[in-house]
Amino acid sequence: MAEIVHIDRMGYGSAAVGRLKSGKTVFVEGAVAGDNVAVELVQDKKTFARARVCQIVESSPLREQRPACQAACSGCPWRILSYGAQLEAKRANVVDALVKNGKFPRERAEQLVAATVPSKREWGYRNKIELGCGTDGRGLLSLGFYQEGTHQLDPVECCPAAVRPLQKLPRALSGALRYALGSETCGLFRVGARGSVRTKDVEVALWTTPGAFPRAVASKTLASSCKPTSLVRVMADEGAARKVKKVEALFGKGCWEEQLGDFRFLVSAPSFFQVNTAQAERLVQLVLEGLEVEPGTYVADLYAGGGTFSIPLAAAGADVVAVEAAGSSVRDLRRNAQRADVEVEVVGGDTARELPELGELDALVVDPPRAGLAPGVVDSIAAAGPQKVAYVSCDPFTWARDVALLEKSGYQLHSAVPVDLFPQTYHVETVSIFRRAIQ
């Protein structure tokens, strides 16, 4: 039997949060803060429940009545929430993470966390899409987005969240690959695409398992129908780790180029690059402002990627050493630094292992993956003794955990700025600045 629930807030996830009559917390898919909804339980645990909306009894004034995308995929779960409310909810989630995971008093957390920096584009901002591969009811190749945390593929033909050169590409790719591969998958398990409104580059990356592949027909067909500037095949192990064995250029320049601030970045298909270019520029600006580097400042950039922070820091006069584990990103970083005519010492290796070898630092940048800082890294930061640390995070809860560790190690959180790189989703980037406590 359905129960009517008032929705109190947005959670860190696709579901909104309310309480059942029993007082138990319930996570409700398809609801937004301020809704009164009739719900049906789909999971009932000891301390919480999950539910879906059966009926919207009273619609919230925060509900977006006409989202720009009506597709069935789960890639933009917050599209039903007005953009202003999205920004407020993202800040609230960062504050809550500091309170719950960082054990901060709420008053201090509220003081430290700034308002969320809005994206210049609410739609049409993603410079990258990744499509999973499956088959439809007729046994033909189907491309789409996986539902979060599942292997369920939602077919998609258009993506309004992507930049204009990519928006209609899924349909074109699906047709071209069906023609090129026929009824076989030829080891294809993922198709990636990157597009730039600034450089006009479009790269398509075919992720396959190692083995035979119809290179010539795939190259000819996709070059004709999709008009990429680059087409590559990435041979890798299928799965979350995606260990890359080899990348081969099938057509065009073999990489993707993007303009970020004053610099041009060449990015290989397996390499990480922020998906919202305009907002990535804001991340760089906040890091530079927070660290206040001067000529000769010795700065380490950990988890450096292709040089998003290293190159602007070096251009500002800092002596930069960049540490990066992924081989493709190391190569990209060296190439990008050379093209920008700046000096960056690039160290290919694991952050936890390499940091203790860097000596005493003046400042430090860390931009780790979603899991946050690896064990032992906080101790190594304290040993290196930088006066300021800029921590850029894509996960508020692992960030808050690390904030607590840094504060115990002598670094005080000075500011935290949420930056919206992912409109229509619950994800948020946070730029935080730490200062070493006076000894």
Side-chain angles (χ1 to χ4, degrees), residues 94 97-98 102 104 108-109 111-114 117 261 274 280-305 307-324 333 342-347 351-352 354-369 372-374 376-396 398-419 429-439:
V94 174
L98 268 184
F104 273 47
R108 185 184 174 208
Q111 291 174 346
L112 286 170
V113 180
V117 178
Q274 296 286 3
E281 291 176 339
R282 187 66 175 126
L283 298 181
V284 172
Q285 180 185 5
L286 287 167
V287 167
L288 290 175
E289 290 173 353
L291 294 183
E292 300 176 310
V293 297
E294 299 176 349
T297 301
Y298 182 32
V299 184
D301 180 12
L302 310 183
Y303 313 93
T308 302
F309 299 107
S310 299
I311 290 171
L313 283 165
D319 294 331
V320 180
V321 56
V323 180
E324 172 56 47
L333 202 164
V342 296
E343 290 291 333
V344 176
E345 181 184 351
V346 181
V347 178
T351 289
E354 300 297 338
L355 177 56
E357 305 300 318
L358 302 183
E360 293 187 5
L361 302 169
D362 297 319
L364 178 71
V365 182
V366 288
D367 184 11
L373 298 178
V377 170
V378 170
D379 290 339
S380 295
I381 290 174
Q387 293 301 309
K388 294 182 180 179
V389 174
Y391 188 151
V392 182
S393 168
C394 61
D395 187 295
T398 58
W399 167 76
R401 175 204 67 201
D402 292 340
V403 169
L405 293 174
L406 282 163
E407 289 227 331
K408 288 180 181 178
S409 298
Y411 286 86
Q412 187 173 48
L413 179 61
H414 177 70
S415 65
V417 182
V419 182
E429 205 87 3
T430 305
V431 179
S432 51
I433 303 297
F434 296 81
R435 293 178 178 173
R436 191 179 185 186
I438 298 174
Q439 303 295 317

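- The shortest heavy-atom contact between Thr308 and Val284 is O-CG2, 3.5 Å.
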Derivation of the side chain to side chain contact (heavy atoms under 4.5 Å, CB included) call for Thr351 and Val366: CA-CA 10 Å; Thr351 289; Val366 288; 6.0 Å; no
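- Residues Glu324 and Val346 have side chains not in contact (no heavy-atom distance under 4.5 Å, counting atoms from C-beta outward).
- Of all the heavy atoms in Ala384 and Gly359, the pair that sits closest is CB-O, 3.7 Å.
- Summarising the geometry of Pro386 relative to Tyr411, their closest heavy-atom pair is O-OH, 2.7 Å, with the distance given to 0.1 Å.
- Here the closest non-hydrogen pair linking Pro418 and Ala114 is CD-O, 3.3 Å.
- In this structure, Phe434 CZ and Gln387 CD are separated by 15.0 Å, a value rounded to the nearest 0.5 Å.
- Legend: residues meeting side chain to side chain contact (heavy atoms under 4.5 Å, CB included) with Gln412, ordered by chain and number and at least two apart, are Arg108, Glu407.
- The two residues Ile433 and Leu286 have their closest heavy-atom pair at CD1-O, 4.4 Å.
- Of all the heavy atoms in Val293 and Ala318, the pair that sits closest is CB-CB, 4.4 Å.
- Every residue two or more places apart in sequence or in another chain was checked for a salt bridge (charged side-chain N to carboxylate O under 4.0 Å, His left out) with Arg435, and none qualifies.
- The distance from atom OG1 of Thr430 to atom CG of Leu283, rounded to the nearest 0.5 Å, is 9.5 Å.
- With sequence neighbours excluded, the residues satisfying side chain to side chain contact (heavy atoms under 4.5 Å, CB included) with Glu354 are Val323, Val347.
- With sequence neighbours left out, the side chain to side chain contact (heavy atoms under 4.5 Å, CB included) criterion links Ser409 to Val378, Asp379, Ala382.
- By the side-chain hydrogen bond (donor to acceptor under 3.5 Å, both in side chains) test, Tyr391 pairs with Asp402, sequence neighbours left out.
- Here Gln285 pairs with Arg282, Glu289 under the side-chain hydrogen bond (donor to acceptor under 3.5 Å, both in side chains) rule; sequence neighbours left out.
- The structure places CG of Leu291 at 10.5 Å from CG of Asp362, a figure rounded to the nearest 0.5 Å.
- At least one donor-acceptor pair under 3.5 Å links the side chain of Glu281 to the backbone N or O of Gly261.
- For Glu292, the salt bridge (charged side-chain N to carboxylate O under 4.0 Å, His left out) partners at least two apart in sequence or on another chain are Lys388.
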For residues 296-303, which side-chain donor-acceptor pairs fall under 3.5 Å, sequence neighbours excluded?
unit_1 : atom_1 : unit_2 : atom_2 : d
Thr297 : OG1    : Glu294 : N      : 3.0
Thr297 : OG1    : Glu294 : O      : 2.8
Tyr298 : OH     : Leu358 : O      : 2.8
Asp301 : OD2    : Ser310 : N      : 3.2
Asp301 : OD2    : Ser310 : OG     : 2.5

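- For Ser380, the side chain to side chain contact (heavy atoms under 4.5 Å, CB included) criterion is met by Leu355, Pro356, not counting sequence neighbours.
- Between Leu406 atom CG and Leu373 atom CG the span is 6.5 Å, to the nearest 0.5 Å.
- For Ser432, the side-chain hydrogen bond (donor to acceptor under 3.5 Å, both in side chains) test picks out Trp399, with sequence neighbours left out.
- Residues Val431 and Val117 are not in side-chain contact: their nearest non-hydrogen atoms beyond the backbone lie 4.5 Å or more apart.
- Atoms CG and CD, on Asp319 and Glu343 in that order, are 9.5 Å from each other to the nearest 0.5 Å.
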